[in-house]
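Throughout, a chain's letter reflects where its sequence line sits, starting with A, and its residues are numbered from 1.
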Amino acid sequence: MKQKLVVIGNGMAGIKAVEELLDRNPDLYDITVFGDEPHGNYNRIMLSPVLSGDKTMADIMINERSWYTEHGITLHAGSPVTSIDRQQRTVTAEDGTSASYDRLLIATGSSPFIIPVPGHDLPGVVAFRSIADVDAMAAAAAEYSRAVVIGGGLLGLEAAAGLLQRGMTVTVIHLMDCLMERQLDPVASALLKRSLEERSLTFAMPAETKAILGSERVRAVALADGSEVAADLVVMAVGIRPNIALAEEAGLHVERGIVVNDTMQTYDPRIYAVGECVQHRGQTYGLVAPLFDQSKVCANHLAEIGYARYAGSLTSTKLKVTGIDVFSAGDFSGGEGAEEIVFQDAAQGIYRKVVINDNQVQGALAYGDTSDGAWYFQLMRDGTDVSALREKLMFGHGGSGEAGLGGETGTAALPGDAEICGCNGVCKDDIVTAITAKNLFTLDDVRAHTKASSSCGSCSGLVEQILASTVGSGYAETPSVRPLCKCTAFSHDDVRRTIIAQNLKTIPAVMRFMDWETEDGCAKCRPALNYYLLCAWPGEHVDDAQSRFINERAHANIQKDGTYSVVPRMWGGMTNPKELRAIADVAERFDIPAVKLTGGQRIDLLGVKKEDLPAVWRDLNAAGMVSGHAYGKALRTVKTCVGSEWCRFGVQDSTSMGIDLEKMAWASWTPHKFKMAVSGCPRNCAEATIKDFGVVAVAEGWELHVGGNGGIRVRTTDLLAKVTTEDEVKEYAGAFMQLYREEAHYLERTAPWIERVGLGHVKERINEDAGGRRTLFERFLLSQKYAQSDPWAEGAEDPPEWTEIRPLAAAE
Amino acid sequence: MEWQRICDLEDIPRLGARTICLAAGPIALFRTRDDRVFALLDKCPHKAGPLSQGIVHGTRVTCPLHDMVIELETGLAVAPDEGRAETFEARVISGNVEIRGALTAAAE
Ligand code: SRM
Ligand SMILES: Cc1cc2nc3c(=O)[nH]c(=O)nc-3n(C[C@H](O)[C@H](O)[C@H](O)COP(=O)(O)OP(=O)(O)OC[C@H]3O[C@@H](n4cnc5c(N)ncnc54)[C@H](O)[C@@H]3O)c2cc1C
Ligand code: SF4
Ligand code: FES
């Protein structure tokens, strides 16, 4: 028999949890939902555009009643629950309906706080929370003309703007001298007040409401200073209180909200709670994005998958008043050790402030031009080390050097024919048209429809800006973690952690356990999973060839005409007549049309026919050469210079050092390609300071540099350490590679990885903790024991992958 | 139209592909997880990339050159991409992979 799940509260968080549960395990429960409101489930945040008349009720329904029927859910709408009996495990509603449960989910949300001044219960006094409230306001606007909104926070201002659009004259009464004081500082608040006044909104602030006057209906609001503001409608928007009475009466532990743990369970393990009624790690939330995170975690446990954890959320807010752009996230109140970077252009009404603490963004607010809000929030959420970005922070993402449109402060200023994506030739207009014509809301959507930022990705920031400014003040849910791909809601880190915690050993096992939405995953997640597994279980993991990109399957790079290129390894860039002769012979024997010196100090044979690959490998291998992994997310080249052996300036033997490093690290798989170089003196002819791991010889030893990148966005390395012996160079190199292997996301090079986790973290693990460094190095060597077999050498027995490379014989 | 035997099912790796050159051109034979086989012209509608070298997932393949996703059943590019790769009929009869269409196309 199915278990019984009862949900109290038919609102956004509760029904999100039900939806997620149905996705994960549709057959586990008989579900009953009680809701106080007489509707299906609707998008509460869209009540603001409904009030202003920009949207209708029909637009904002998420689940009509038919949805409940289709999923076999019993809905008691308009039927508030009045008691929970935890002994009998039943709930009872006002109308006497009762239901028994095996598990109970409380999602009662919160109620608007009504200041208990005299007259607060007069007709014409409403809150702003539900469809009923909006109906009442619309009716009043049709009949009367003067409105007062008490409360100058997010909700109050949205109510005021909506009523203004309905033709009422509106006064906002606010207790503080700053509007939205929890999200804004005095400067931004003054700018906001000015632009609202330009729209003929009136403010009384700071001002305290003493009483609401009237007999049959409200007539005016009396203030503490003795003045009166005439009113036919009063909207109270002074805050919300979590609905906890029901839980409290049932004996559950409540403080400001119903107290839950990281799995969204209350003190009674059969009873879960999500949404605004909940208090988690001392925090309550009043925005949808974190509540949806809670709902996902809760669904994971209700579905008996049972590993997800909610660790709290960072939130950002955006005011939904058309034509006014305000963004705010995190803590910008300052505090000890905090520094503020401020930019203000009074003429244009633009103001930005970023608060930095310990080299991380702690809070950000933007007024006027909010196109960088998403970028600030991302930096904050990822805990990115911004020491290198400081100067650029104020000029926004457009100027951060990633965009290639240096100096531009935002995409708003760009002309329609400005090229945004250089790889695919997509202009700003193409993107804007696609967003508006096809109702796109996410970067992924824009990628799919326009191809912008789908190749090298360096224009992602610009595309996000265009998206933000085109979608405007419409709400776009900001996921607090980015999923690995469309097949899952989990992030790279979630997946890596779960693989180890749950001892998962195969791709199907990960997909089953983590509730993948597709049966075989996709071309994005399968290679990532294959890598995460091989990194987690060296020697044990059985490689899945079909989850590797063709280059890694064919040990060669696919070319645009379907032929391949083959690059044999040349240790430290050294070669000899025997190898060169073998390469020349192979080129002739297989009619290879092009032989080229690469930028990585070796030789590329281009245009090899696929069916010739095994024979080419065999011949090169016979001459003592191994694959150069020029195709792999793996160690690529170790570039060297001639060093002290030949060069008149050389202070160390950089060539031998490079060869040693390459012999140690070759054939290792890494999250993205990994390049090294060793220069014999600070003249740095091997360009070590744009490599993932670069070594520069100095008179007393070696400087070790990390996190360089010479590709799409050049980044010079950070100095990690100075060491004296060659063994130390190897130990640091191996430990660094292993840390990168274990922590970076698949397809993240060392440069973005270090920017994400901060150089401090790397130094802590590698420099400051000698024991930890050695263990990392040992783990690296252990995995190398299983990795270092040349794919070319396997050829003698002609393994199945080699057979599969050849075409089938044509039918007789 | 005649069915033509091409190979054993086991010659094609699961979630993988093999190719064969026929008169109609290079043909890619894909095998899904549940052992269904599909035959497509081995040319992506985008820039003729060899679809056989892509990653197979569900009943789709991702082209190795620029990541367009193609439905194996219809040859159609998954929206919002557009284009269609030529398909041929394929079946598995007691472990034998057979196709038809590709040969006749050439004979005409
Ligand atoms: C062959 C070579 C160009 C040449 O003729 O010299 C080359 C060729 C390709 N590079 Fe490169 N890169 C080559 C050296 C470089 C260098 C220079 C270096 O290593 O010193 C760089 C800049 C340094 C760096 O990586 O930081 C370089 C930065 C890139 C990038 C940008 C990486 C980035 O993080 O921004 C890509 C794109 C990618 O990997 O996504 C790329 C991708 C490619 C690909 C694999 C594109 C592809 O997916 O097909 C090209 C393969 C052609 C082929 O079949 O061989 N190649 N590529 C060089 C091979 C070196 C070798 O011996 O292995
Ligand atoms: C006008 C407005 C604009 C907003 N704009 C934004 C925005 O832009 N961005 C953002 O992130 N958030 C916004 N919010 C906040 C967001 O809507 C809430 O955070 C979210 O709806 C809370 O979800 P919940 O499920 O916890 O509560 P609710 O959605 O309120 O759902 C709780 C439900 O439980 C019902 N209930 C209560 N007690 C009982 C009982 N005893 N028995 C049965 N049912 C009961 C209630 O009637 C209600 O339907 C806005 C809110 C409002 C009102
Ligand atoms: S720079 Fe690299 S990726 Fe670009 S065309 Fe040249 S080899 Fe190809
Ligand atoms: S050739 Fe297939 S996606 Fe470009």
Side-chain angles (χ1 to χ4, degrees), chain A residues 423-424 434 437-438 440 444-451 454-455 485-487 507-508 511 516-527 530 544-554 556-564 610-611 631 800-801 803-812, chain B residues 2-8 10-23 26-34 42-44 46-70 77-82 97-99 102-103 106:
Chain A
C423 296
N424 297 301
K438 303 198 168 115
L440 310 182
D444 272 347
D445 288 346
V446 178
R447 272 191 193 135
H449 281 86
T450 64
K451 296 282 168 286
S454 65
S455 299
C485 70
K486 285 184 192 145
C487 307
I507 294 177
M511 290 183 172
W516 237 244
E517 281 158 30
T518 48
E519 199 182 346
D520 308 321
C522 69
K524 255 190 181 164
C525 56
R526 286 233 309 274
N530 192 53
D544 179 25
Q546 303 307 340
S547 294
R548 283 191 181 262
F549 184 63
I550 179 63
N551 288 357
E552 293 187 355
R553 244 183 295 150
N557 288 63
I558 194 164
Q559 305 292 308
K560 63 180 201 176
D561 60 357
T563 64
Y564 286 80
K610 191 179 185 204
E611 55 272 28
Y631 46 80
E801 308 97 84
T803 318
E804 284 160 15
I805 276 178
R806 302 192 183 99
L808 294 155
E812 58 290 346
Chain B
E2 289 286 294
W3 285 100
Q4 178 76 41
R5 179 186 180 280
I6 300 295
C7 60
D8 291 341
E10 293 313 314
D11 290 334
I12 311 176
R14 211 171 253 154
L15 290 180
R18 292 292 298 274
T19 55
I20 182 162
C21 266
L22 296 178
I27 310 289
L29 294 157
F30 296 91
R31 176 175 171 192
T32 60
R33 172 179 306 283
D34 54 2
D42 197 13
K43 287 187 177 168
C44 175
H46 178 226
K47 290 192 175 168
L51 296 173
S52 57
Q53 316 299 296
I55 289 183
V56 180
H57 42 100
T59 51
R60 292 173 169 179
V61 62
T62 299
C63 176
L65 291 197
H66 316 98
D67 288 344
M68 202 143 121
V69 183
I70 305 291
V78 171
D81 285 322
E82 287 165 11
V97 175
E98 303 183 344
I99 68 174
L103 294 162

Minimum-distance pair of heavy atoms, taken over all atoms of A:D520 and B:H57:
OD2-C, 3.6 Å
What verdict does the side-chain contact (heavy atoms from CB on, under 4.5 Å) test give for A:E611 and B:T19, after you've listed the backbone C-alpha separation in whole Å, the side-chain angles of each residue and the deciding distance to 0.1 Å?
CA-CA 11 Å; A:E611 55 272 28; B:T19 55; over 6 Å; no
To the nearest 0.5 Å, atom NZ of B:K47 lies from atom CG of A:D561 at 13.5 Å
Report which part of B:L29 has an atom under 4.5 Å of a heavy atom belonging to chain A: side chain, backbone, both, or neither.
side chain
Interface residue of largest heavy-atom contact number with chain B, from A:R526, A:E519, A:K451, A:K560, under 4.5 Å:
A:R526
Using every non-hydrogen atom in the two residues, find where A:A523 and B:T62 come nearest and quote the distance to one decimal.
CB-OG1, 3.4 Å
Evaluation steps, side-chain contact (heavy atoms from CB on, under 4.5 Å), between A:D544 and B:L15:
CA-CA 10 Å; A:D544 179 25; B:L15 290 180; 5.8 Å; no
Between A:Q546 and B:P13, what is the shortest heavy-atom contact and its length?
NE2-CB, 3.2 Å
Is B:V78 in contact with chain A via its backbone, its side chain, both, or neither, using a 4.5 Å heavy-atom distance?
neither
Given a strict heavy-atom distance threshold of 4.5 Å, which part of A:R548 is in contact with chain B: side chain, backbone, both, or neither?
backbone
Are more than 12 heavy atoms from other residues, nucleotides or ligands located less than 6.0 Å from atom NZ of B:K43?
no
Check whether A:K524 gets within reach of chain B through its side chain, its backbone, both or neither, counting any heavy atom under 4.5 Å.
neither
In terms of heavy-atom pairs under 4.5 Å with chain A, the winner among B:G58, B:A79, B:G49, B:A48 is B:G58
Where on B:R14 is there a heavy atom nearer than 4.5 Å to chain A: the side chain, the backbone, both, or neither?
backbone
Bottom line for B:L65: the part with an atom under 4.5 Å from chain A's heavy atoms is side chain
Among B:D81, B:V61, B:D11, who wins on heavy-atom pairs under 4.5 Å with chain A?
B:D81
Given a strict heavy-atom distance threshold of 4.5 Å, which part of B:P50 is in contact with chain A: side chain, backbone, both, or neither?
side chain
Roughly how far, to the nearest 0.5 Å, is CD1 of A:I550 from OG of B:S52?
7.5 Å
Per-residue contact mode, A:T450 against chain B (heavy atom under 4.5 angstrom)
neither
In short, B:P80 meets A:A448 closest at the heavy-atom pair CG-O, 2.8 Å
